[in-house]
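Each remark here refers to the structure printed beneath this line.
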Number of protein chains: 2
Amino acid sequence: MSEKHNHPKDEEHHDHDHCVESALQTAEALCLEQGQRLTKVRRRALELIWESHRPLGAYQLLAKLAEEGFNSAPPTVYRALDFLLGAGLIHKVESMNAYLGCAHADRAHKGYFLICDECHNVMEFDYQDIHASLIDKAKKQGFELRAETIELTGLCATCKSAGEAAKKAAKDKS
Amino acid sequence: MSEKHNHPKDEEHHDHDHCVESALQTAEALCLEQGQRLTKVRRRALELIWESHRPLGAYQLLAKLAEEGFNSAPPTVYRALDFLLGAGLIHKVESMNAYLGCAHADRAHKGYFLICDECHNVMEFDYQDIHASLIDKAKKQGFELRAETIELTGLCATCKSAGEAAKKAAKDKS
DNA sequence: ACAATCCCGTTATACTATAACAGGACGGAG
DNA sequence: CTCCGTCCTGTTATAGTATAACGGGATTGT
């Protein structure tokens, strides 16, 4: 029910290139299906977002695109981002002003995130029971739900143990 | 378990001045208890946020403060906001870059929001069972939770029925 | 080929937030 | 009371995020 995503450690465990490629394939299929155009900028933007191991800021992405000869003005990147967001191919992490490849673009889902304050890695998880509760809850208020922003921040397991180790070392020293 | 908050319609139903006053009292008590100083700017900022009927942007707040003779440079307002956020007296609505009085500062809670895309009103609700699930979920991943951003956007009951009425009228006309 | 639409280039600007340093107010120790 | 340290504020400058507006070029369907 939960899925690790974009964590550097994962590089050891999976072929990240394959992730990117698969995301691109999904994107192409989706666009074809919906009569949308996955243009060069959009396609490359999506690739770059996926290649990054953590959420990418709009201007970081813009810089990368510029390096490759794309236009370097902000609207370029924001247009691409808007398109990808609209197609459900990426998510915006509101609390970071950053953008992340969507791990489940091929099926209906909502993106819930666990964000580490320390290393800024993000795990996306898909939590159907909470989703159902939220919908139900909103409906009871006569509220028609369109989007959910669920962002949990804190310390990931790795940083937590690193922090505890550092603390212990400092204590031993004193 | 849920509580309407800051909705214009509520003006008919409750004495908003009382809300503001009560929030201020809570704030004073809290600061006293924690040895924090609720200075003039901070106090006035909190009041203005509460007086507003929807989330207030930092620069909107700054403008109001400036009108009243406070310093008009951004750090003034961001410092006040940081303080109030830290004390748990207000929330930041990440998806709007705006700030909202916290309805339950006097007890431990997390702020979950229902945000209307149309009228931009926000209802805060307090949803203990979801909170518990999220904590549990994070813990299972070895993740130590620090903060939660739960923002649901869509159409509130009022705007929904207004929208449907408008649609119907358009249809009748054609 | 034509029109309609969608996409992109470009310039300018709005909006959101923080860095850095100096001075002043406040509270507690002596 | 006064000195000291700390917390708060004033001020200037700048970083970072996002959109408006307009014109031109590409694409698609007819």
Side-chain angles (χ1 to χ4, degrees), chain A residues 27-28 31-46 49 52 54-87 89-100 117 120 149 151, chain B residues 27-28 31-46 49 52 54-87 89-100 117 120 149 151:
Chain A
E28 266 166 15
C31 289
L32 191 66
E33 185 188 318
Q34 302 182 353
Q36 301 275 37
R37 285 189 249 167
L38 190 61
T39 61
K40 278 185 191 173
V41 206
R42 291 170 177 177
R43 190 192 162 86
R44 190 62 188 135
L46 181 57
I49 289 174
S52 159
R54 50 198 74 190
L56 208 53
Y59 280 69
Q60 288 175 280
L61 176 57
L62 182 57
K64 294 193 189 217
L65 286 171
E67 275 175 23
E68 302 181 7
F70 289 97
N71 183 358
S72 66
T76 298
V77 76
Y78 281 104
R79 283 167 182 156
L81 289 171
D82 283 347
F83 174 83
L84 297 171
L85 285 168
L89 293 166
I90 61 173
H91 292 295
K92 178 173 185 185
V93 182
E94 293 286 351
S95 56
M96 297 176 76
N97 292 319
Y99 304 84
L100 186 66
D117 283 335
H120 300 116
T149 302
E151 300 172 8
Chain B
E28 267 166 14
C31 289
L32 192 65
E33 184 188 318
Q34 301 181 357
Q36 301 277 38
R37 285 188 249 166
L38 190 63
T39 61
K40 278 184 191 172
V41 205
R42 292 171 177 177
R43 190 193 162 87
R44 190 61 189 135
L46 182 57
I49 289 173
S52 160
R54 49 199 76 188
L56 209 52
Y59 280 68
Q60 288 174 281
L61 176 56
L62 183 57
K64 294 194 188 215
L65 287 171
E67 274 175 22
E68 302 183 6
F70 289 97
N71 183 359
S72 66
T76 299
V77 76
Y78 282 103
R79 282 166 182 157
L81 290 171
D82 283 346
F83 175 84
L84 297 171
L85 285 168
L89 293 166
I90 61 174
H91 293 296
K92 177 173 186 184
V93 182
E94 294 286 352
S95 56
M96 298 176 74
N97 292 320
Y99 304 84
L100 185 68
D117 282 335
H120 301 115
T149 302
E151 299 173 8

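- Heavy atoms of B:Asn71 sit under 4.0 angstrom from at least one base atom.
- Here the OH-CG distance, from A:Tyr99 to A:Leu85, works out to 6.5 Å after rounding to the nearest 0.5 Å.
- Computed from coordinates, the A:Leu32 CG to D:dT27 C1' distance equals 16 Å when rounded to whole Å.
- The nearest whole Å value for the distance from the CZ atom in B:Phe83 to the C1' atom in D:dT6 is 15 Å.
- If you walk DNA chain C from 5' to 3' and mark each nucleotide with an atom closer than 4.0 Å to a heavy atom of chain A, the marks span C:dC6 to C:dT11.
- For the residue pair B:Ser95/A:Glu94, the side-chain donor-acceptor check at 3.5 Å is not satisfied.
- A straight line from CG of A:Leu62 to P of D:dG16 spans 13 Å, rounded to a whole angstrom.
- Separating the CZ atom in A:Arg79 from the CZ atom in A:Arg42 is a distance of 10.0 Å, to the nearest 0.5 Å.
- Summarising the geometry, the separation between OH on A:Tyr59 and C1' on D:dA15 is reported as 11 Å, rounded to the nearest angstrom.
- Spacing between atom CD of B:Glu94 and atom P of D:dG16 amounts to 18 Å, rounded to whole angstrom units.
- You'll find the side chain of A:Phe83 stays beyond 4.5 Å of the side chain of A:Arg37, heavy atoms only.
- Using a 4.5 Å heavy-atom threshold, the side chains of B:Asn97 and B:Lys92 count as touching.
- Put simply, OG1 on A:Thr76 and CG on A:Asn71 are 3.5 Å apart, with the number rounded to the nearest 0.5 Å.
- Among the atoms of the strands shown, none is found under 4.0 Å from any heavy atom of A:Lys40.
- Summarising the geometry, the separation between CD on B:Gln36 and P on D:dC8 is reported as 7 Å, rounded to the nearest angstrom.
- In this structure, the side chain of A:Gln60 engages the main chain of A:Gly57 through a donor-acceptor pair within 3.5 Å.
- For D:dC8, the OP1/OP2 oxygens have a side-chain nitrogen or oxygen of B:Arg42 closer than 4.0 Å.
- Of the two residues near DNA chain C, B:Pro75 and B:Arg37, the one whose nearest nucleotide lies more 5' is B:Pro75.
- Looking at heavy-atom distances under 4.0 Å, A:Tyr99 makes contact with sugar-phosphate atoms alone, never a base.
- For the pair A:Tyr78 OH and D:dG16 P, the computed distance is 12 Å after rounding to whole Å.
- Minimum atom distance to the side chain of A:Pro74 is reached by D:dT19, of the listed D:dC8, D:dT19, D:dT9.
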